[in-house]
A.B. asks: 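What follows is a structure written as structure tokens; I'll ask about it next.
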Amino acid sequence: MKNKKTVVLGASSKPEKYAYKAIQMLVDKGHTVLAIGQNKGEVAGVKIQTKTIPLKNVDTVTLYLNPLRQRDYYNYIVEAKPKRVVFNPGTENPELYQLLELNGIKAEVACTLVLLATNQY
């Protein structure tokens, strides 16, 4: 399996949150993870950044932010030029799908945890 550099937007250091579980599972499966969230913390050795950080060679951005909170990151995501953006349940956003499509980025409505668990990541 290929290491897919992944940015988790909406990262959380609370174990009950899906973003936390996703970071844990991505690391367990050998992917490089960058985490950006509202609060500092650490999950599976990955430090959660509270500000955007420069991104290069990103394969996937996986979203754990509701559509209104995503707006602040539209340009950031597009400028990172990931191959795809995964919209986890509750993050669906037709406005962002369109923007991604215009920039040649695949929008995928799916669950990162399910993709990882079924080796479809």
A.B. asks: Report yes or no: do Tyr73 and Ile105 belong to one cluster of Ile/Leu/Val/Met/Phe/Trp/Tyr joined by side chain heavy-atom distances under 4.5 Å?
C.D. replies: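 Same cluster: Tyr73 reaches Ile105 through Ile, Leu, Val, Met, Phe, Trp or Tyr contacts under 4.5 Å.
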A.B. asks: To the closest 0.5 Å, what do you measure between OG1 (Thr32) and CG (Asn3)?
C.D. replies: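 If I round to the nearest 0.5 Å, the distance is 3.5 Å.
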A.B. asks: Determine, using the 4.5 Å side-chain heavy-atom cutoff (strictly less than), whether Val78 and Val85 are members of one ILVMFWY cluster.
C.D. replies: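 Linked within one cluster.
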A.B. asks: Under the rule for side chain to side chain contact (heavy atoms under 4.5 Å, CB included), what residues qualify as partners of Lys81, not counting sequence neighbours?
C.D. replies: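 With sequence neighbours excluded, Lys81 shows a side chain to side chain contact (heavy atoms under 4.5 Å, CB included) to no residue whatsoever.
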A.B. asks: Provide the closest heavy-atom pair for Ala19 versus Ala11 in the form atom of the first, atom of the second, distance.
C.D. replies: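 In this case the closest contact between Ala19 and Ala11 is CB-CA, 4.0 Å.
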A.B. asks: First locate atom CG of Leu63, then atom CD of Glu108, and finally report the distance between them rounded to the nearest 0.5 Å.
C.D. replies: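 Answer for the CG-CD pair, Leu63 versus Glu108, is 12.0 Å.
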A.B. asks: What heavy-atom pair brings Pro89 and Ala110 nearest, and what distance separates the two atoms?
C.D. replies: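 Looking at all heavy atoms of both residues, the shortest contact is CD-O, 3.7 Å.
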A.B. asks: Minimum heavy-atom separation for Cys111 to Asn88, with atom names?
C.D. replies: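 The pair with the smallest heavy-atom distance is CA-OD1, 3.4 Å.
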A.B. asks: Rounded to the nearest 0.5 Å, what separates atom CG in Leu116 from atom CG in Asp28?
C.D. replies: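 Interatomic distance, Leu116 CG to Asp28 CG, rounded to 0.5 Å: 9.5 Å.
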A.B. asks: Indicate yes or no for a side-chain donor-acceptor contact from Asn103 to the backbone of Leu99 under 3.5 Å, with no hydrogens or angles considered.
C.D. replies: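 Between the backbone of Leu99 and the side chain of Asn103 there is a qualifying donor-acceptor contact (under 3.5 Å).
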A.B. asks: If you compare all heavy atoms of Thr91 against all heavy atoms of Tyr64, which two are closest, and at what distance to 0.1 Å?
C.D. replies: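 Scanning both residues completely, I find the closest heavy atoms to be CG2-CA, 4.0 Å.
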A.B. asks: Minimum heavy-atom separation for Ala107 and Phe87, please, with both atom names.
C.D. replies: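 The answer is CB-CE1, 3.8 Å.
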A.B. asks: Considering residues, nucleotides and ligands other than Lys21, do more than 12 of their heavy atoms fall under 6.0 Å from its NZ?
C.D. replies: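 Counting neighbours around NZ of Lys21, more than 12 heavy atoms of other residues, nucleotides or ligands fall under 6.0 Å, so yes.
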A.B. asks: Can you tell me how far the OH atom of Tyr121 sits from the NZ atom of Lys29, to the nearest 0.5 Å?
C.D. replies: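 Spacing of OH (Tyr121) from NZ (Lys29) equals 12.0 Å.
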A.B. asks: Consider side chain to side chain contact (heavy atoms under 4.5 Å, CB included). Of Val61, Val7, Thr62, which one does Pro82 pass it with?
C.D. replies: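 With Pro82 as partner, Val61, Val7, Thr62 yield a single side chain to side chain contact (heavy atoms under 4.5 Å, CB included), made by Val61.
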A.B. asks: Got a salt bridge between Lys14 and Glu16, using NZ or NE/NH1/NH2 to carboxylate O under 4.0 Å?
C.D. replies: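 Result for this pair is no, no salt bridge flagged.
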A.B. asks: Side-chain polar contacts of residues 33-60 - donor-acceptor pairs under 3.5 angstrom, sequence neighbours left out - could you list them?
C.D. replies:
unit_1: Glu42; atom_1: OE1; unit_2: Lys47; atom_2: NZ; d: 3.2
unit_1: Thr60; atom_1: OG1; unit_2: Arg84; atom_2: NE; d: 2.9

A.B. asks: Under 4.5 Å between side-chain heavy atoms, hopping through other hydrophobics if needed: is there a path connecting Val114 to Val27?
C.D. replies: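 Different hydrophobic clusters.
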A.B. asks: Decide whether Val86 and Tyr74 are clustered together by the hydrophobic rule: side chain heavy atoms of Ile, Leu, Val, Met, Phe, Trp, Tyr closer than 4.5 Å, transitively.
C.D. replies: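 Not linked; separate clusters.
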A.B. asks: Are Tyr97 and Glu92 close enough that a side-chain donor and a side-chain acceptor fall under 3.5 Å?
C.D. replies: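 Per modelled atom types, Tyr97 and Glu92 side chains form no pair under 3.5 Å.
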A.B. asks: Under a 3.5 Å distance rule, please check whether Asn93 uses its side chain to pair with a backbone N or O of Glu95 as donor and acceptor.
C.D. replies: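 At least one qualifying donor-acceptor pair exists.
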A.B. asks: Donor-acceptor pair, His31 side chain versus Lys5 backbone, under 3.5 Å?
C.D. replies: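 Judged by distance alone, no pair lies under 3.5 Å.
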A.B. asks: Taking side chain as C-beta onward, heavy atoms only, is Thr6 less than 4.5 Å from Ile23?
C.D. replies: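 Thr6 does not reach Ile23 side chain to side chain.
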